[in-house]
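What follows is a short report on a single structure.
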Amino acid sequence: MSARAWIMSIEDREKLIQGAFEAKKGSYSPYSKFPVGAALLSSDGSIIKGANIENASYGGTICAERTAIVKAASEGIRSFIGLAVVTNVNSAISPCGICRQVIREFCSLDMPILLVPGDYPQKLEVGQEQKPGYTEGGVKETTLGDLLPDSFGPEHLELPRQS
């Protein structure tokens, strides 16, 4: 693990990663041919999965991360410990800007986000060192705060204003 004090156990981390892979199977991506799976770990230990669902009117497309958040929030689950995202690309792919802002609505800035390569778990060659910021299996571990610095969140709406 990285130097951060993660709040996820190794077992939860693996459960979250596998949830993202399972979610990706539900992708409907006939236009981009870019399936994405996302899995949220709620504070009660449940995994909420989401896949990207495309639409011929591209603006109607919803990303995997937002699908998972909307599913959770609509069922009253609004406290999360971690998020994993996976594609078919063999490197870490980050959530888009819209997803980052939606994640910001429901998740803390220090919440772990696992960006999982499509060929997880990657194996290091003999003598090869892990890239900085990456952990076992080729997962890039980051946080929402790292992905969305100087962000605007719900707490800003409560700040005093000038008339």
I want to check something: taking the side chain as every heavy atom from C-beta on, are [X] and [Y] in contact at a cut-off of under 4.5 Å?
| X | Y | answer |
| --- | --- | --- |
| Val36 | Val86 | no |
| Ile48 | Ser42 | yes |
| Leu144 | Ile113 | yes |
| Glu141 | Pro112 | no |
| Ile47 | Leu40 | no |
| Met111 | Phe80 | yes |
| Arg13 | Leu16 | no |

>> Listing request: all side chain to side chain donor-acceptor pair (under 3.5 Å) pairs with a residue in residues 53-69, at least two apart in sequence or in separate chains.
In response: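 Every side chain to side chain donor-acceptor pair (under 3.5 Å) pair that includes a residue of residues 53-69, provided the two are not neighbours, is Ser32-Glu54.
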
Testing the basics here: between [X] and [Y], what is the closest heavy-atom pair and its distance to 0.1 Å?
| X | Y | answer |
| --- | --- | --- |
| Ala23 | Ala38 | CB-O, 3.5 Å |
| Gly50 | Ala64 | O-CB, 3.5 Å |
| Ala51 | Ser27 | CB-N, 3.4 Å |
| Gly137 | Pro117 | O-CG, 3.6 Å |

Indicate yes or no for a side-chain donor-acceptor contact from [X] to the backbone of [Y] under 3.5 Å, with no hydrogens or angles considered.
| X | Y | value |
| --- | --- | --- |
| Gln128 | Glu125 | yes |
| Asn52 | Phe34 | yes |
| Lys71 | Lys49 | yes |
| Gln101 | Phe152 | yes |
| Thr142 | Asp146 | no |

Could you tell me the separation between the [atom1] atom of [X] and the [atom2] atom of [Y], rounded to the nearest 0.5 Å?
| X | Y | atom1 | atom2 | value |
| --- | --- | --- | --- | --- |
| Asp110 | Thr143 | CG | OG1 | 7.0 Å |
| Arg78 | Cys107 | CZ | SG | 12.5 Å |
| Leu41 | Ser46 | CG | OG | 7.5 Å |
| Lys131 | Gln122 | NZ | CD | 7.0 Å |

>> Using side chain to side chain donor-acceptor pair (under 3.5 Å), reason through Gln18 and Glu22 one step at a time and then give a plain yes or no.
In response: CA-CA 6 Å; Gln18 291 310 313; Glu22 290 169 18; over 6 Å; no

If you look only at distance, which donor and acceptor atoms sit under 3.5 Å apart when one is on a side chain in residues 87-95 and the other is two or more places apart or in another chain?
residue : atom : partner : partner atom : Å
Thr87   : OG1  : Val89   : N            : 3.0
Asn88   : OD1  : Lys24   : NZ           : 2.4
Asn90   : OD1  : Asp119  : N            : 3.2
Ser94   : OG   : Arg100  : NH2          : 2.6

According to a 4.5 Å side-chain heavy-atom criterion applied to Ile, Leu, Val, Met, Phe, Trp and Tyr, with indirect links allowed, do [X] and [Y] form part of one hydrophobic cluster?
| X | Y | result |
| --- | --- | --- |
| Ile98 | Ile62 | no |
| Leu109 | Leu115 | yes |
| Val139 | Ile81 | yes |

>> Show me the pairs that pass salt bridge (Lys or Arg N to Asp or Glu O under 4.0 Å) and involve residues 150-163, at least two apart or across chains.
In response: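 Sorted result for residues 150-163: Arg104-Glu155.
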
> Within a radius of less than 6.0 Å around CG of Leu124, do more than 12 heavy atoms belonging to other residues, nucleotides or ligands occur?
Replying inline: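 Buried by this count: over 12 neighbours within 6.0 Å.
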
>> Does Ile17 form a side chain to side chain contact (heavy atoms under 4.5 Å, CB included) with Tyr120? I'd like the steps, not just the answer.
In response: CA-CA 9 Å; Ile17 290 170; Tyr120 174 84; 3.6 Å; yes

>> side chain to side chain contact (heavy atoms under 4.5 Å, CB included) for Ile103 and Ile69? Distances and angles first, verdict last.
In response: CA-CA 7 Å; Ile103 294 165; Ile69 292 227; 4.0 Å; yes

